[in-house]
Amino acid sequence: MTDTSRTRRPRWLTVFGLVTLAVVGVGLYGALIMSPPDVNQGDLIRVMYAHVPVAWIGFAAVAVSAVWGMLYLWRGRAIDDVRAQGTAEAALLYSILTVVGGMTYSKPTLNTYWTWDAKLTLTALMVALVVGYFIVRALIDDPQRRARVSAVIMIVVLASLPFNYLAAEWFRTLHPAKSVNLDGSGVTMDPTMLRVLLLNVLGGAMVFVYFISERIRIGRLSLADDKTFDSVKGVAREVVSVR
Amino acid sequence: MSGGTDELAIELREVTRRMGGEYVLRGVNLEVAAGRLVVLRGSNGTGKTTLLRLLATRLRPAGGQAFVFGHDLTRDGAAARARLGLLSVMGGSFPLLTGRENLELAAALAPGPREGAPRSDMAAGGAGFEGPLAGVGLEQAADKLVRTYSSGMKKRLGLARLLLLDPDLWLLDEPYAALDDLGKRLMDECVTAAKARGRTVFMASHESDRDHLGPDAVIELRGGTLRMFGA
Amino acid sequence: MKKIVYALLGVAVLAVAGFLISKALQSSLVYFILPSEYARDTAAFEGKRVRLGGLVQAGSVRFDDANLHLTFQITDHLKDYPVQYDGAPPDLFQENGGVVIEGRFHDGVFVGDNLLVKHSSDYHPPADGEPIDVEALKESLR
Amino acid sequence: MNDLIAALTVARKDFLQELRSRATTVATLFFSAITLVMMAFGLGREPELMRSAAPGVLWVALAFAGVIAAAQSFQADLEEGAFEQLLLLPASRAAIYLGKLAASWLYLFALGVLMVPIALGLYGATAPAGTWWLLGLVLLLGTLGLAIIATFYAGLTANLQAREALLPVLMFPVIVPIMLGAVRATEAALMGSADAPLALSWVQLLGGFDLVYLVVCASIFHFVVDD
C-alpha cells in the first residue's frame, strides 16, 4: 500500500513548481517596476496585473472542471471526479479572489465597493454557483452518486455562464449609473503593459496547474485509502449458481 | 427442469455497493438461469433490498458487473428494465391516483406486449385492467384513491401491476409482508403461475413457511456476500 | 437509430437557440432614438415615452444647484433639442459625452426623468466639413 | 412516439394528482398573492415607484412559486416509492423529465396569467392594449425557463437533506438571465409599442435560454435520478 513511488511527489512537479515561482517573480517585477503607470489610473493599473489573470483562470477552471465531470460521466473513473473536484476548488478560490480584486479596484476608481459591472456581477454569480456545487457534494454520502450529481451540476454551471454574462452585460447597459471597466480593457495598452500582463497570465496559469496537480495527487492517495472493501476483495468466493 | 436453454436471467460478478458510505454488498457472485424460482434470505439490514434495487437498475453497482438477461445494468439499463419488474415493500403506487389509473399509467409507459411471450391469463383476461384487478381481488376498490387503501391492498395493487406487465424477471421484495392469509395464498398462486409460464422469480422473504412453493434454491445474504442457505 | 434521431433533434434545437441568441445580440442594444430620428418622425413619437440618445452639446449645460435642475442641448450634430432633467448630473456627465435619457417631449422640449451616461470615448465629434457618421455615434452609445 | 406518449402520461398524472390534493395550488397561490401585497407595503406609497416595481415583484413571486411547485411535484411522487416504480417502467428518463416539466410549466403559466392582472391592479400599472400578445409571449417563455431549471434541480435535490432551502440556493444563480429577461421584457411591454423591439430582443434571449437548457437538462436528467 504505502509504496513510496506513489506517495512521493513526482520530480517533474517539483521542477515545475520552481519554474512557476521564477515566472511569478519575473511577473511581479514586471508589474511593480517595469510597467509604466497608466495615464488615467496611475499606479492602480498594477492591481490589474493580478486581477485579470486570476479572473481568466477562474473561468477556465469552471470549464476544465466541467470537462473532467463529463469524462467521469463517460468513463466512470473515480480519479476524474477527484480532478473535477480539485479544479472546482480552484474555480471557487479564483472567483472569490476575482470578486475581491474587482471590489478593490472599484473603491478608488468609483468610490464604491460594489458596482453592477457585468464582469463583476458575473463572477459573483459564479461564486454562488460553485458554492452550490460544494453544498451538494457535502450532502451526498455515496461517492459515485456524489461524483455523478456534481458533474451534472458543473455542466449546468458551465452552460449558465454565457447567459449570465449576457444578462449582466445588458443589465448594466440599461442601468449604467457608473461604468468603468474593472478589467483594464478600457486602458489603451502600451506594448510593455501587454507583455507584462501576458507574463502574469502565464505565471497565474502555472500556479493554477501546480496546485491542481498537487491537489489531484493528494486526492489520488486518499482514493487509494478509501477502498474499504479491500479486506474482502481478493478472497476467492464461490459463485452461487442456480442453473 | 424447465427448458433446456442456458440463458442466465441474473448474472452478478463481484458486485459491490455502498449505502450511505458503508459497503453493504462486498462482492456478490450469482448466476440464476431463466425460469428458476429463487428465495433470498437474510436478517434485517443485510442488504436484501439493496440487492433487489440493484437488480432492478435503480442502484448502480459500485464495482463488479451485473447482467439481467445479458444486458449490462450499468450500460444498458433500459434494455434490462424492459424485461424486469419489481414489487417493492410498499407496493409503489401513486397515492393520489386510483388503482385503475395506476395500472393505466404503467401500461402507457410500458412498450406494449412482447411478441411470442405467453401472457398471463389475467392480463389477457378481457379489455382494460379488469383482469389483473380481479385477479388480486381489487375490483371493488379499483376506482378509489390508493391513499385510502390498506397496506395489504397496496401490495395487491403492486402485484396487479406485475401481472399486467408480466415481465420475464419478477423481483419481489418481502412479497408476503402486510398480506392477510388470503393475500398470501394469492401471492403463492401468482408466483407458481409465473414460474409455470417460464418467468424467473427472485424473491426476498423472511417467511420460512413457503416451502410448498418449491423454490429451486434458497440463498442467504450475510456479511455482504451470498451463499447457499444452510451452507 | 433512435439515439441518432434524438441527437440530431438536440443539435437542431441548439442551432435554433444559437440563432435566437445571435439575433438578440444584433438587434437588442439599439433601444434609443437619435434627435435627428425624432425630427424625421415627430408625429409617430408624439406624447409617447421615448429614450433619446446623443451627445451633450458643448457650452449648453446649465445646472441650478439650489433646485437640482439640469438643462442642456442634446445633439447628434444633425439636430438638437433642449433637455430638462430634475436632478444632479451624474459624475461622468460631461460636455461632448454620450447620454441616453428617458422621458417625453413637451412643446419641443424633452423632459427626462432618467439620465444615463454612456462611454463614447472612441467616438469623436466630426471636424468642420467632415461628414457625420450617425451609425458610429449610435454604435458608441450602445 | 412511445416517448411522447410517456411524457404526456406523466404530465397527465401530475395534473390529476394536483387536481386531487391541490397542495401546490393552495401553497403557491397564497404565496404569490402575499408576496405581491407584502412587497407593495415594503415599497411605500409612491405611485411611480410602485408602477415601475410591478414587473420585478411579479417575477420574484413567480420564481418562488416555481420552486414550490417543482419541489411539491417530486415530493408527491416520492411517497410510498411510487417514483421508483415509475423509473422502473421502460420509459426513457428524458420523457419522464419532459412530462413533469410540461405539468409544472402549464401550472406556472396559468398562475402567471392569474397574477398579471392582480400585480397590475395592486401596483397601479396598466398594459397598453397593443402589447398583450407580447406580455403573453414573455410569460410563456419566462415560466418555461423557470420550470426547466426548477424541475431539474427538484429532481436532483429530491432525496437530499434540507432540500427546501437548497433548491432556491442552487437554482436562482442559474435563472438570473430568465429573471432579468422576463422582468425587462415585461417592463418594456408595459411601456407600450415604442419599446416592443427592446422587449423582443429579451424574448429572443429567453427563447435561446429555454431551448439550450431544454436540451441540456433532458439529456443529463438520467444521471440525476439514477442512484
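Below, read A as the first sequence line, B as the second, and so on, with proteins coming before strands; counting in each chain starts at 1. The structure displayed is predicted, hence computed values, not measured ones.
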With side chains defined as the heavy atoms from C-beta onward, is the minimum distance between B:Arg161 and B:Pro132 less than 4.5 Å?
no
Please determine whether a side-chain nitrogen of the Lys or Arg among B:Asp173 and B:Arg53 lies less than 4.0 Å from a carboxylate oxygen of the Asp or Glu.
no
Do A:Leu92 and A:Phe134 have side chains that approach each other closer than 4.5 Å (heavy atoms only, starting at C-beta)?
yes
With A:Pro10, which residues qualify under side chain to side chain contact (heavy atoms under 4.5 Å, CB included), at least two apart?
A:Trp12, A:Leu13, A:Arg217
Does any backbone or side-chain atom of B:Ile219 lie under 4.5 Å from a heavy atom of chain A? Answer side chain, backbone, both or neither.
side chain
Pair B:Thr225, B:Arg227: side-chain N/O donor-acceptor within cut-off below 3.5 Å:
yes
Within residues 60-76 of chain B, residues adjacent to chain A where the heavy-atom gap is under 4.5 Å:
B:Arg60, B:Pro61, B:Ala62
Between A:Thr98 and A:Leu120 the two heavy atoms that sit nearest each other are O-CD1, 4.3 Å
